[in-house]
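For reference, the structure is listed below as structure tokens.
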Amino acid sequence: MRIRFILISVCILAFILAIKFVWPPVLWSLLIVVPLVLLGLHDMFQSRHSLRRNFPLFSRSRWIMEAIRPYIRQYFIESDIDGSPINRMFRSIVYQRAKNARETVPFGTRVDTYRTGYEWIGHSLSAIDVETLDPDLRVCIGGPDCKQPYLASIFNISAMSFGALSRNAIMALNSGAKKGGFYHNTGEGGLSEHHLKNDGDLVWQIGTGYFSCRDKHGHFSPELFAEKAKLNSVRMIEIKLSQGAKPGHGGILPADKNTPEIAKIRGVTAATDIISPPTHSAFDSPLGLMKFIAQLRDLAEGKPIGFKLCIGRESEFIAICKAMVETGIVADFITIDGGEGGTGAAPLEYTNSVGMPLREALAFVDDALIGFGLRQHIRIIASGKVLTAFHLVKNLALGADLCNSARGMMFALGCVQSLTCNSDHCPTGVATQNPELYRGLVVTDKAKRVAQFHEKTVHAAVDLITSAGLSHTSELNRTHIYRRVSQNQIQRYDQIFPYMKPKQLLSEDLPEAFALYVQEATSTSFMPTHCLTRLDDEFQAIEPCIHTNDQMELKNENA
């Protein structure tokens with residue numbers, strides 16, 4: 001192919017030079033042909049890509065096709081229910097509600113109701129007229145030690161940092177939250193003037209980097225925290241232990257997005273990759289977490305304090321429950337992030353293969369809190385692909401009290417799922433720090449859309465529960481949702497996820513599903529005391545083949 005390229009190039013150039021005697025304007029074509037020939041010659045002699053070396057110039061079509069493939073697929077090939085990570089059906093309903101456009105569906109469902117995994121809510125012959133209910137459903141967040149409880153909407157904006165999102169996106173989200181009367185989670189990137197400008201309710205998330213409340217060494221600063229926690233806009237504080245998109249991995253802000261403004265807010269160096277530590281330095285055990293919660297509550301003058309995590313080893317959450325029981329210090333809320341959570345930048349393995357999915361995690365956390373007698377004090381917040389009222393209702397039926405949405409709110413801002421969040425080239429100005437792009441996002445217009453998406457989704461949720469004969473989402477439980485578990489079997493959620501007896505995990509009569517986790521867990525360590533397994537109807541510790549000390553000795557010997 002290299003020889004063919006040379007021959008074709010020589011023939012084209014010779015043809016142009018021959019034609020010039022008959023039609024001189026043909027020489028203008030050299031402005032295109034000569035650069036292409038030079039590019040091909042460069043391909044022939046470069047050593048990085050064998051394909052370009054063997055097929056000069058022509059092989060570049062491969063990269064062009066790869067670049068446009070996602071757009072071709074999204075706009076011309078994929079069906080309404082096949083798109084990923086969010087399919088067109090769900091993207092469309094968000095756009096329609098955000099724009100206050102027609103949202104009804106013609107000619108019946110496009111979903112296969114006979115596929116395994118199909119879910120629905122059981123309606124009632126005692127349905128309630130939706131117009132008789134207050135469409136603004138609220139949940140009170142604040143345990144026995146909370147002095148400033150917060151009345152939250154059942155649907156809110158999930159954690160997205162300034163840095164991951166543009167300033168205009170942050171201002172539009174917060175203004176929309178103000179208009180709609182719901183809260184806006186700041187994400188772990190810290191409090192900025194863009195969060196505070198429109199006076200919308202905020203949940204200030206404190207991550208492992210302690211951005212906006214860190215000292216010069218990157219450790220937690222009580223003084224800086226107290227100063228900001230007392231702001232009127234800050235209604236709750238959330239300690240981020242892990243997130244669904246990359247649990248067990250620190251947050252990532254690419255250098256391209258780390259502008260001088262963001263670096264100042266976070267207290268870091270501009271134009272560098274910002275990778276938060278995977279764990280907190282302020283505590284290292286469940287008991288330490290409880291003391292940190294008590295410290296933050298005191299510094300914040302009694303505002304609700306909670307924590308967010310994606311469930312990994314079940315015994316680690318049981319350890320946290322044990323610490324709450326032992327200390328009497330109880331979180332006001334717990335945010336459960338599903339393993340299906342999204343982020344602007346995460347390693348592939350973490351995105352695909354780490355973290356418990358939201359539905360199973362919700363049922364587990366709800367059962368654990370019931371089993372330890374803590375559920376009445378703690379509100380559960382669900383986060384993970386919440387885009388429609390049915391997603392909301394499913395999570396509430398499984399045990400959540402309210403839900404957060406990140407990608408749904410991004411679609412309301414105008415996100416088109418271009419999958420360029422990690423490149424700083426977001427075409428809609430949502431996930432970029434490029435002024436030329438984020439200026440295209442008009443704050444007043446998008447704030448209205450965020451508020452409308454919230455209002456219509458909550459109204460749709462109210463409509464759904466009234467069809468089930470309920471007057472508030474707090475009346476939802478696992479008996480209301482059905483799932484096709486096989487081609488010939490249907491089960492309710494309470495059959496798939498059986499309920500826990502109140503305070504059963506405090507007794508000797510431990511349910512079989514939890515007995516191993518309770519024995520593994522200790523309040524003095526997040527890690528289990530022993531990795532247990534069931535052998536011959538007994539729990540036995542699994543001993544490693546080579547212990548850590550042996551590994552170190554072997555490493556030293558090899559060195």
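The first residue in the sequence is number 1, and the count goes up from there.
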Item to check | Basic-acidic side-chain contact under 4.0 Å: Lys303, Asp332 | outcome: no

Checklist entry - For Gln489 and Gln491, what are the C-alpha separation, side-chain angles and deciding distance, and is it a side chain to side chain contact (heavy atoms under 4.5 Å, CB included)? => result CA-CA 7 Å; Gln489 188 178 16; Gln491 289 186 334; 3.4 Å; yes

Checklist entry - If only atom types and distance count, is the side chain of Lys322 paired as donor or acceptor with the main-chain N or O of Ala521 below 3.5 Å? => result yes

Checklist entry - Are Tyr493 and His480 close enough that their ring centres sit under 6.0 Å apart? => result no

Item to check | Parallel, tilted or perpendicular: ring planes of Phe364 versus Tyr517, cut at 30 and 60 degrees | outcome: perpendicular

Checklist entry - Do Asp366 and Tyr499 get their side chains close enough for a donor-acceptor pair, meaning under 3.5 Å? => result no

Checklist entry - At what distance, to the nearest 0.5 angstrom, does CZ of Phe292 lie from CG of Leu287? => result 15.5 Å

Checklist entry - Can you check whether Leu374's main-chain N or O pairs, donor with acceptor, with His377's side chain at less than 3.5 Å? => result no

Next on the checklist: Does this structure show an ion pair linking Asp401 with Arg375, if we count only N-O contacts that are shorter than 4.0 Å?
Outcome noted: yes

Item to check | Atom of Cys310, atom of Gly355 and distance for their closest heavy-atom approach | outcome: SG-CA, 3.6 Å

Checklist entry - Where the side chain of Asn198 meets the backbone of Met171, is there a donor-acceptor pair that is under 3.5 Å apart? => result yes

Checklist entry - Between Lys308 and Asp337, does at least one N-O distance fall below 4.0 Å, as a salt bridge requires? => result yes

Checklist entry - So, the side chain of Gln74 versus the backbone of Gln417: is there a donor-acceptor pair under 3.5 Å, distance only? => result yes

Checklist entry - Under 3.5 Å, is there a donor-acceptor pair linking the side chains of Ser474 and His472? => result yes

Checklist entry - So, Arg313 and Glu520, do they make that salt bridge, N to O below 4.0 Å? => result yes

Checklist entry - Are Phe372 and Phe514 close enough that their ring centers fall under 6.0 Å? => result no

Next on the checklist: I'd like to know if the side chain of Asp509 pairs up with that of Ser507 as donor and acceptor (distance under 3.5 Å, no hydrogens or angles considered).
Outcome noted: no

Next on the checklist: Any carboxylate oxygen within less than 4.0 angstrom of a Lys/Arg side-chain nitrogen, looking at Glu119 and Lys394?
Outcome noted: yes

Next on the checklist: Just checking Lys456: does its NZ atom have more than 12 heavy atoms from other residues, nucleotides or ligands closer to it than 6.0 angstrom?
Outcome noted: yes

Checklist outcome for this item: Nearest heavy-atom contact between Thr208 and His280 is CG2-CD2, 3.6 Å

Next on the checklist: Ignoring hydrogens, what is the shortest heavy-atom contact between Val111 and Met89? Give both atom names and the distance.
Outcome noted: CG2-CE, 4.1 Å

Item to check | Residues Arg478 and Asp367 bridged, charged N to O under 4.0 Å | outcome: yes

Item to check | Test side chain to side chain donor-acceptor pair (under 3.5 Å) applied to Ser233 and Asp199, step by step | outcome: CA-CA 6 Å; Ser233 294; Asp199 201 33; 2.8 Å; yes

Checklist entry - Got Val458 and Asp136 here, is their nearest side-chain heavy-atom distance under 4.5 Å? => result no

Next on the checklist: Show the nearest heavy-atom pair for residues Ala400 and Leu362, with the distance to one decimal.
Outcome noted: CB-CD2, 4.0 Å

Checklist entry - Between the side chains of Thr479 and Asp494, does any donor sit under 3.5 Å from an acceptor? => result no

Checklist entry - Between Ile490 and Val485, is any pair of side-chain heavy atoms under 4.5 Å apart? => result no

Checklist entry - Under 3.5 Å, is there a donor-acceptor pair linking the side chains of Asn100 and Arg449? => result no

Checklist entry - Closest heavy-atom contact between Leu396 and Leu402? => result CD2-N, 3.5 Å

Item to check | Backbone N/O of Asn156 and side chain of Ser153: donor-acceptor pair under 3.5 Å | outcome: no

Item to check | Ser405 side-chain N/O to Val386 backbone N/O, donor-acceptor pair under 3.5 Å | outcome: yes

Checklist entry - Would you say the side chains of Ser92 and Gln96 form a donor-acceptor pair under 3.5 Å? => result no

Checklist entry - How many angstroms lie between CG in Leu173 and OH in Tyr183, if you round to the nearest 0.5 Å? => result 13.5 Å

Checklist entry - Side chains of Ile329 and Asp145: does their closest heavy-atom pair fall under 4.5 Å? => result no

Checklist entry - Taking the side chain as C-beta and beyond, is there a heavy-atom pair between Phe411 and Leu387 under 4.5 Å? => result yes

Item to check | Heavy-atom side-chain contact between Lys179 and His454 under 4.5 Å | outcome: no

Checklist entry - How about Arg492 and Ile496: do any of their side-chain heavy atoms sit closer than 4.5 Å? => result no

Checklist entry - For Ser383 and Thr335, does a side-chain donor sit closer than 3.5 Å to a side-chain acceptor? => result no

Checklist entry - Between Glu340 and Lys385, is there a salt bridge with N-O shorter than 4.0 Å? => result no

Checklist entry - Within the side chain of Glu360, is there an N or O that forms a donor-acceptor pair under 3.5 Å with the backbone of Met356? => result no

Item to check | Main-chain N/O of Thr132 paired with Asp129 side-chain donor or acceptor, under 3.5 Å | outcome: no

Next on the checklist: Could you walk me through whether Asn488 and Ser486 satisfy the side chain to side chain donor-acceptor pair (under 3.5 Å) test, starting with their C-alpha distance in whole Å, then the side-chain angles of each, then the deciding distance to 0.1 Å, before giving a yes or no?
Outcome noted: CA-CA 5 Å; Asn488 59 358; Ser486 69; 3.0 Å; yes

Next on the checklist: Determine whether Phe155 and Phe453 satisfy the following criterion, ring-ring contact (aromatic ring centres under 6.0 Å, His included), listing intermediate values before the conclusion.
Outcome noted: CA-CA 10 Å; Phe155 190 46; Phe453 168 57; 5.7 Å; yes

Next on the checklist: Donor-acceptor pair, distance only, cut-off 3.5 Å: does the side chain of Asn174 make one with the backbone of Gly200?
Outcome noted: yes

Checklist entry - Are any side-chain N or O atoms of Ser161 and backbone N or O atoms of Ala164, one a donor and one an acceptor, separated by less than 3.5 Å? => result no

Item to check | Note, Pro149 side chain near Ile141 side chain (heavy atom, < 4.5 Å) | outcome: no

Checklist entry - CG/Asp80 to CD1/Ile93 distance, rounded to the nearest 0.5 angstrom? => result 11.5 Å

Checklist entry - Does the pair Ile334 and Ile320 meet the rule for a side chain to side chain contact (heavy atoms under 4.5 Å, CB included), with working shown? => result CA-CA 11 Å; Ile334 299 174; Ile320 294 174; over 6 Å; no

Checklist entry - Hey, mind stepping through Lys240 and Ile206 against side chain to side chain contact (heavy atoms under 4.5 Å, CB included) and telling me if it holds? => result CA-CA 6 Å; Lys240 193 197 91 166; Ile206 308 297; over 6 Å; no

Item to check | Short side-chain donor-acceptor distance under 3.5 Å, Glu238 and Gln205 | outcome: yes

Item to check | Carboxylate-amine/guanidinium contact Arg91 Glu78, below 4.0 Å | outcome: yes

Checklist entry - When rounded to the nearest 0.5 angstrom, what is the spacing between OG in Ser166 and NE2 in His194? => result 9.0 Å

Next on the checklist: Applying side chain to side chain contact (heavy atoms under 4.5 Å, CB included) to Thr388 and Thr457, what does each step give before you reach the verdict?
Outcome noted: CA-CA 6 Å; Thr388 71; Thr457 303; 5.8 Å; no

Item to check | Any side-chain heavy-atom pair of Met409 and Val94 under 4.5 Å | outcome: no

Next on the checklist: Please give me the minimum heavy-atom distance between Thr113 and Tyr118, naming the atom from each residue.
Outcome noted: O-CD2, 3.3 Å

Next on the checklist: Tell me if the centroids of the rings in Trp120 and Phe390 come within less than 6.0 Å of each other.
Outcome noted: no

Item to check | Approximate separation, where rounding is to 0.5 Å, of Leu505 CG and Ile370 CD1 | outcome: 10.0 Å

